[in-house]
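Given the structure is predicted, the values throughout are model-derived calculations rather than measurements. Nothing fancy with the numbering, it's 1 onward along the sequence.
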Amino acid sequence: MNSPHLRAARPRLQRHPLMLAILCAWSSTALAQQADGDNAGLPTVEVRGSGSVAERKQLPQTSSSVTADTAAESINVTDSSDALKYLPSLSVRKRYIGDTQSPLATRTTGVNASARSLIYADGILLSALVNNNNGNGSPRWFMVAPEEIARIDVMYGPFAAEYPGNSYGAVTEITTRMPEQFEASIKAQYAQQDFSHYGASGTYRAQEYNVGLGDRSGALAWRFSVNHLDSYSQPVTYVTAASAPAGTSGAVPTQDRTGKNLYILGASGLTHTVQDTAHLKLSYDLNSTLTATYTLGFWQNQANANPQTFLRNAAGAPAYTSGFSSNDVDQQQWMQGLELRSKTGGQWDWQLAASTLSASRDLTRSSTATFPAGQSGGAGTIADASGTGWSTLDAKGIWRPEGSAQVISFGGHYDRYTLATPTWNTSNWISGGNAALFSDSRGKTETSALWAQDVWRFAPAWKATLGARYEWWRAFDGYNYSSSGSTGFGFSQPQIRHNGLSPKASLAWAFADDWLATLSTGRALRFPTVGELYQNVQQGSIYLQANPNLKPEKVWSSELAIEKQLQQGQGKWRVSLFEERVADALISQTSTIGSGVASFTQNVDRTRQRGIEAAFERNNLLLRGFSLNGSLTWVDARILENKGYVATTPGASSVGKRTPYVPEWRATLVASYQPDDRWTYTLAGRYSGRVYATVDNTDINTHTYQGFDSYTVFDARVRYRFDQHWSGALGVDNLTNRDYFLFHPFPQRTVFAELKYDF
């Protein structure tokens, strides 16, 4: 980070009051340590909370946490991903309540890079490492209902040998609750959004219900929950054309993200989704030091998406073009996990864990017939992703040598990912069966790994963590099929293999009371997903074959973190300087092929992301019960070398341009006031700078469909406890009704009402 960047950023900072408020609060936190009495304020987002996964496992990463109490009191939560919305440097691309395509973006990774972070629930992988995108590669957040969560911990950077190279963005560990006595709860939630854009307006509602039961009887503990969601989305996409169709009116003139003239012909992707989740967790103490845990999860989704035309013909009747279509989705997914863990606390402990997540049914029926006739049937396609999924197996051990200040952990890992996505033609997209095969993408990847880590407290104020992970990876059974007219082309892809070592090192120094400095560095190998290797790419009506020869991303990350605990438990603050260098970065690019433009994934030779992150929390600030926490992140993300770049416009270049989807600035600020045991008032803000979606940064127009705006969004929540059983809450997301695009139009002001009973 150098002074020209700081000078360039300073005027922008002055235009954002949210950032100024964070800096002022952070300064007061560092200076004002005259806090009065015990902490009577709301439990806040923790910069590094006690009981976090990082502390329990003695992992070297900087971490942030949010507890169940925090989420219930201060966050408008409709699924588990919402609990992360105010943690430092994180954002989830959630387009509407019930969105199944919600990838996580981190400090240095964007919303189209789902395979650069990891999400676990009780050790079961929710990250869909079958792809690296914001579609079928999105995490399976819906497998865990918010009411099940005890806490969520996020660990930044690839500095722990226990995790694979996909951790170089962040690792999110969701821990669910287990009861100590009988408990039951029921919660009902209602949300409503009034949305208006490009001449389309409407009211879109969502209802959600959750029931939970649990108990412990001697050695056996169990918890069961069911969740039901019924939600309507605002328009998610739009039908566009370079010119207004002849003989029609109503098309909305605008510009696309490169500044070219464009017409919006109508809205599409107006989705009605009905989802059900059931989750069972059993825990049995085989003896005083050995526990077995079994988890079973089931999720189903029935959804349909329809268009809304803006066009009218000469008689004033609705008119359609070939861009209008509908689709129906029918999905069922299963999750299972089995764990056997010892907990002696002595010289040796161990753990065995296996998990699987798979789609037993995943059908998307889409219309290709011309509207309006296509709304009631006609030609279409059936995409079948049934059988797509993954399995993992882990064995871990911990050795605490007697009389030593060391803790040595080690383990082995195996995983397999399977992609199966045939698409069939059908004579009736609503009820017809499979006809001729239209396209197919399928394949598998598997990884085997051995790892070890040594945590050595070699002096009272010093702790070193050394680790390494060696991985063997292969991709196999790759197959692609595409068709043009009545002619089909199938191709079996070659098997490929890669392997490599990822060393890690961290040094922590408690250089004064309540002060800690940690320097970490580590290498990560992020192997291509099966989707990046074998997913077909469409150019018009022609599918192009995927690239099976992609190389793994090779990442070197470093971080210097300085943390300060405030007196009497009144809060803490942290500053982190970080840098990430990636060789052979896997980034989606575009190229002109024939008369059209196609997108594809290609290795970019070198990128570099460096920046600074500040996070703080302050309890009982100025008055008892008032807490403030937030974060501010600046990142300089650049493409340093890209020999494979093909210019999409004359004179364009990608070298020196910003890495796609990584904003320069991010910020959060959460203020909560709890005057007594009944009331909690929360006002929160989220800011993100604009991002570029192209490697050459030619998408200069942000406020348009497929553009990426900067945004400042404020949320509010009031929660009231009627008694020990009943509680209610009212909330608003996007309080000021900010109108912004992140490729898709994002939700406008949304109001929430919630009622809950706990037994």
Quiz prompt | Donor-acceptor under 3.5 Å (Ser114 side chain, Asn133 main chain) | solution = yes

Quiz item: Between Asp699 (side chain) and Thr258 (backbone), is there a donor-acceptor pair under 3.5 Å?
Solution: no

Quiz item: Taking Ser367 for the side chain and Ala369 for the main chain, is one N or O donor matched with an acceptor at less than 3.5 Å?
Solution: no

Quiz item: Do Lys657 and Tyr692 come close enough that some side-chain heavy atom pair is under 4.5 Å?
Solution: no

Quiz item: Side chains of Glu532 and Asn131: is there a donor and an acceptor less than 3.5 Å apart?
Solution: no

Self-check item: Donor-acceptor contact below 3.5 Å, side chain Thr271 vs main chain Asn304
Solution: no

Exercise. Considering only NZ, NE, NH1 and NH2 on the basic side and carboxylate oxygens on the acidic side, decide whether Asp256 and Lys260 come within less than 4.0 Å.
Key: no

Quiz prompt | For Arg749, the option from Val713, Asn737, Asp733 that meets side-chain contact (heavy atoms from CB on, under 4.5 Å) | solution = Asn737

Practice problem: State the CG-CD1 distance between Leu437 and Ile382, to the nearest 0.5 angstrom. | Solution: 11.5 Å

Quiz item: Hey, what's the ring geometry for Phe371 with Tyr320, parallel, tilted or perpendicular (30° and 60° as the breaks)?
Solution: tilted

Quiz item: Is Asp440 salt-bridged to Arg442, going by a charged N under 4.0 Å from an acidic O?
Solution: yes

Quiz item: Taking the six-membered ring for Trp, are His703 and Tyr740 ring centroids under 6.0 Å apart?
Solution: no

Quiz item: Are any non-hydrogen side-chain atoms of Thr78 and Gln189 less than 4.5 angstrom apart?
Solution: yes

Practice problem: Output the distance between atom CD (Glu664) and atom OG (Ser710), rounded to the nearest 0.5 Å. | Solution: 11.5 Å

Quiz item: Are Arg257 and Asn701 linked by a side-chain donor-acceptor pair shorter than 3.5 Å?
Solution: no

Exercise. May I ask you to decide if the ring planes of Tyr238 and Tyr198 are parallel, tilted or perpendicular, using 30° and 60° as cut-offs?
Key: perpendicular

Quiz prompt | Residue pair Ile264, Val239: steps toward the side-chain contact (heavy atoms from CB on, under 4.5 Å) verdict | solution = CA-CA 6 Å; Ile264 307 295; Val239 180; over 6 Å; no

Quiz item: Do you know the tightest heavy-atom contact between Ala128 and Asn136?
Solution: CB-O, 3.7 Å

Quiz prompt | Reported CZ-to-OG1 distance for the pair Arg686 and Thr712, which is rounded to 0.5 angstrom | solution = 10.5 Å

Quiz item: Measuring from Asn434:CG to Leu363:CG, what's the distance to the nearest 0.5 Å?
Solution: 8.5 Å

Quiz prompt | Val130 vs Thr418 side-chain heavy atoms within contact, under 4.5 Å | solution = no

Self-check item: Heavy-atom side-chain contact between Leu270 and Gln234 under 4.5 Å
Solution: no

Quiz item: Can a donor-acceptor pair be found between the side chains of Arg666 and Tyr687 at a distance below 3.5 Å?
Solution: no

Practice problem: For the pair Asn313 and Thr248, evaluate side chain to side chain donor-acceptor pair (under 3.5 Å) and give the outcome as yes or no after the intermediate values. | Solution: CA-CA 5 Å; Asn313 60 23; Thr248 67; over 6 Å; no

Self-check item: Closest contact, heavy atoms only, Asn134 versus Gln101
Solution: O-CB, 3.3 Å

Quiz item: Is it true that the side chains of Gln493 and Asn480 contain a donor and an acceptor less than 3.5 Å apart?
Solution: yes

Quiz item: Can you find a heavy atom in the side chain of Trp141 that is under 4.5 Å from one in the side chain of Leu104?
Solution: yes

Exercise. Specify the closest pair of heavy atoms between Thr694 and Thr698, including all atoms of both residues, with the distance to one decimal.
Key: OG1-N, 3.1 Å

Quiz item: Between the side chain of Ser483 and the main-chain N/O of Thr487, is any donor-acceptor distance below 3.5 Å?
Solution: no

Practice problem: Indicate the ring-plane relationship of Tyr417 and Trp390, choosing parallel, tilted or perpendicular according to the 30° and 60° boundaries. | Solution: tilted

Quiz item: If you measure from the Lys or Arg side-chain nitrogens to the Asp or Glu carboxylate oxygens, is any gap between Lys94 and Asp79 under 4.0 Å?
Solution: yes

Quiz item: Which class fits the ring pair Phe298 and Trp334: parallel under 30°, tilted 30 to 60°, perpendicular over 60°?
Solution: tilted

Quiz item: Just checking, is any N or O donor in the side chain of Gln332 or Trp299 under 3.5 Å from an acceptor N or O on the other one?
Solution: no

Quiz prompt | N/O donor-acceptor pair under 3.5 Å between Thr309 side chain and Ala319 backbone | solution = yes

Quiz item: Would Phe310 and Val252 count as a side-chain contact (heavy atoms from CB on, under 4.5 Å) if you check the C-alpha gap in whole Å, the side-chain angles of each, and the deciding distance to 0.1 Å?
Solution: CA-CA 8 Å; Phe310 299 166; Val252 180; 3.9 Å; yes

Quiz item: Given side chains that start at C-beta, do those of Pro528 and Tyr534 come closer than 4.5 Å, heavy atoms only?
Solution: no

Quiz item: Is there a donor-acceptor contact under 3.5 Å from the side chain of Asn327 to the main chain of Thr364?
Solution: no

Self-check item: Phe746/His197 under ring pair (Phe, Tyr, Trp, His ring centres under 6.0 Å): CA gap, chis, key distance, verdict
Solution: CA-CA 10 Å; Phe746 262 58; His197 206 283; over 10 Å; no

Quiz item: Does any N or O in the side chain of Gln748 come within less than 3.5 Å of the main-chain N or O of Ser196, such that one atom is a donor and the other an acceptor?
Solution: yes

Practice problem: Would you name the heavy atoms of Arg738 and Asn734 that are closest together and state the gap between them? | Solution: N-OD1, 2.7 Å

Quiz item: Is a donor on one side and an acceptor on the other found under 3.5 Å between the side chain of Arg361 and the backbone of Gly387?
Solution: no

Exercise. Provide the closest heavy-atom pair for Gly490 versus Tyr479 in the form atom of the first, atom of the second, distance.
Key: CA-OH, 3.6 Å

Quiz item: Going by heavy atoms in the side chains, are Tyr86 and Asp715 under 4.5 Å from each other?
Solution: yes

Practice problem: Could you tell me the separation between the OG1 atom of Thr601 and the CG atom of Asn547, rounded to the nearest 0.5 Å? | Solution: 8.5 Å

Self-check item: Residue pair Asp362 / Ala359: nearest heavy atoms and the distance that separates them
Solution: CB-CB, 4.1 Å

Quiz item: Is there a donor-acceptor pair under 3.5 Å between the side chain of Thr426 and the backbone N or O of Gly433?
Solution: yes

Quiz item: Between the side chains of Ser89 and Thr633, does any donor sit under 3.5 Å from an acceptor?
Solution: yes

Practice problem: Could you walk me through whether Asn76 and Arg717 pass side chain to side chain donor-acceptor pair (under 3.5 Å), step by step? | Solution: CA-CA 7 Å; Asn76 299 318; Arg717 184 173 173 87; 3.0 Å; yes

Quiz item: side chain to side chain donor-acceptor pair (under 3.5 Å) between Asn642 and Ser654: does it pass, once the steps are laid out?
Solution: CA-CA 7 Å; Asn642 185 15; Ser654 63; 3.0 Å; yes

Quiz item: Under 6.0 Å from the six-membered ring centre of Phe142 and within 45° of its axis: does the NZ or CZ of Arg140 meet both?
Solution: no

Self-check item: Tyr705/Phe743 aromatic ring centres below 6.0 Å
Solution: yes

Quiz prompt | Distance in Å, Ser376 OG paired with Ile430 CD1, rounded so as to fall on 0.5 Å steps | solution = 6.0 Å

Quiz item: Yes or no on side chain to side chain donor-acceptor pair (under 3.5 Å) for His272 and Asn306, after CA distance, side-chain angles and deciding distance?
Solution: CA-CA 9 Å; His272 178 208; Asn306 291 295; over 6 Å; no

Exercise. Assess the pair Tyr481 and Phe438: is the distance between their ring centroids shorter than 6.0 Å?
Key: no

Exercise. Flag the pair Asp696 / Tyr645 as yes when at least one side-chain heavy-atom distance between them is below 4.5 Å, and no otherwise.
Key: yes

